Structure formats: C-alpha cells, structure tokens
Amino acid sequence: QVQLVESGGGLVQAGGSLRLSCAASGRTFSSYAMGWFRQAPGNEREFVAAISRSGGNTYYADSVKGRFTISRDNAKNTVYLQTNSLKPEDTAVYYCAAGAASFGNFLYTRREYDYWGQGTQVTVSS
C-alpha cells in the first residue's frame with residue numbers, strides 16, 4: 001500500500017511558476033513509476049508527466065512539454081512537478097499517482113496506476 005500526499009498548488013498569474021510535490025509513504029517508493037495527471041472542471045483526468053523508477057526516463061504530454069519538468073528523489077520518497085510559464089488553461093486539480101513498472105519504464109495511462117493522491121489545486125489567472 002502506498003499513500004500519496006500532494007502539496008504546492010496555489011494561485012499564480014500567467015507566466016508564473018509553481019513546484020508541486022508528492023510525498024509517498026512506505027519504504028518501496030523506488031519500486032514504483034510515478035506520474036502526474038490533472039483534471040479541470042467538466043473534463044476528464046488527463047496525463048501530464050511520468051517518470052521511471054530511477055528517474056532516468058521521463059515522458060510529457062505535448063501540452064506541457066518544454067514548460068513542465070518531472071523529477072523524483074527516492075531518498076526522500078518524493079516526486080516533483082516543476083511548472084513554468086503557466087497558462088490559464090493549466091488550471092486544474094493536479095494528482096500524483098504510483099504504479100508498478102519495470103525498471104526503466106514509465107506509465108502514461110490512468111489504468112496503469114494503482115495509487116492516487118487527493119490532489120492539489122492549481123489556478124492560473126490571466
């Protein structure tokens with residue numbers, strides 16, 4: 001069992017930055033590939049970014065590529081999402097997720113993830 005707790009969301013002006021964090025419980029954090037998803041009101045939850053168990057491989061949605069960076073610190077059981085050049089359309093609840101994966105692989109569909117956090121709100125004003 002893995003419990004995930006996100007933090008770092010807030011209200012920011014367009015063009016600004018936020019660093020989201022997701023702290024995981026348990027001693028098996030490095031056994032899981034991690035990902036970030038987001039859900040805006042009235043929309044499906046969509047993939048944002050993923051990272052492999054070691055952090056060596058990452059993958060991004062086209063909408064955030066070049067602006068967002070996913071990273072992880074296995075010693076701290078934490079995954080991060082650095083969000084830069086934020087746009088109003090980035091406004092959503094951001095969720096982190098954990099899923100079992102082979103060492104170098106990442107996961108980018110919702111069904112592949114087994115554990116989810118409660119989400120953190122990101123609001124970007126124009």
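Remember, it's a predicted structure, so these values are computed and weren't measured experimentally. Computation of the quantities below employed the complete heavy-atom set of this structure, encompassing side-chain atoms and omitting hydrogens, waters and symmetry-equivalent molecules.
Looking only at distances, a side-chain donor or acceptor of R67 sits under 3.5 Å from a matching main-chain atom of S85. Here the side chain of T91 pairs no donor or acceptor atom with the backbone of E89 at under 3.5 angstrom. Remark: side-chain polar atoms of D90 are paired, donor with acceptor, to backbone N or O of K87 under 3.5 angstrom. The closest donor-acceptor contact from the side chain of R53 to the backbone of F29 lies at 3.5 Å or more, if one exists at all. For the pair S102 (side chain) and G104 (backbone), a donor-acceptor distance under 3.5 Å is absent. Judged by distance alone, the side chain of Q39 and the main-chain N or O of V93 form no donor-acceptor pair under 3.5 Å.
Residue pairs meeting the ring-ring contact (aromatic ring centres under 6.0 Å, His included) criterion with at least one partner in residues 37-72, sequence neighbours excluded, are F37-F47, F37-Y113, F37-W116, F47-Y59, Y59-F106, Y59-Y108. Sequence neighbours left out, the pairs with a member in residues 19-124 that pass disulfide bond (SG atoms under 2.5 Å apart) are C22-C96.
R45 CZ to N43 CG: the interatomic distance, rounded to the nearest 0.5 Å, is 12.5 Å. The distance from the CG atom of L4 to the OG atom of S21 is 12.5 Å, given to the nearest 0.5 Å. Of the inter-residue distances, the one linking R38 atom CZ with T120 atom OG1 reads 14.0 Å to the nearest 0.5 angstrom. From E112, atom CD reaches atom CG of L107 across 4.5 Å, with rounding to the nearest 0.5 Å. Note that CG of L81 is 8.5 Å distant from OG of S71, once rounded to the nearest 0.5 Å.
Heavy atoms only, all atoms of each residue included: A40 and A92 are closest at N-CB, 3.8 Å. V2 approaches A24 most closely through the heavy-atom pair CG1-CB, 4.2 Å. Between K65 and D62, the shortest heavy-atom distance links the atoms NZ-OD1, 3.1 Å. Heavy atoms only, all atoms of each residue included: A100 and Y32 are closest at N-CD2, 3.9 Å.
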Between N84 and S17, is the side-chain hydrogen bond (donor to acceptor under 3.5 Å, both in side chains) condition met? List the steps.
CA-CA 4 Å; N84 298 329; S17 299; 2.9 Å; yes

Walk me through it: do Y95 and V48 pass the test side chain to side chain contact (heavy atoms under 4.5 Å, CB included)?
CA-CA 9 Å; Y95 298 89; V48 174; over 6 Å; no

Under the side chain to side chain contact (heavy atoms under 4.5 Å, CB included) rule, what do E6 and L20 come out as? Steps first, then yes or no, please.
CA-CA 7 Å; E6 301 96 334; L20 308 184; over 6 Å; no

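Donor-acceptor pairing under 3.5 Å is lacking for the side chains of N105 and S52.
Take R110 and apply the salt bridge (Lys or Arg N to Asp or Glu O under 4.0 Å) test, not counting sequence neighbours, and it matches E44.
Cluster membership check: W36 does not share its hydrophobic cluster with Y80, using side-chain heavy-atom separations under 4.5 Å among Ile, Leu, Val, Met, Phe, Trp and Tyr.
Looking at V12, L11, T123 one by one, the single match for side-chain contact (heavy atoms from CB on, under 4.5 Å) with L18 turns out to be V12. Checking each of Q3, M34, Q1 against Y115 for a side-chain contact (heavy atoms from CB on, under 4.5 Å) leaves exactly one that passes, namely Q1.
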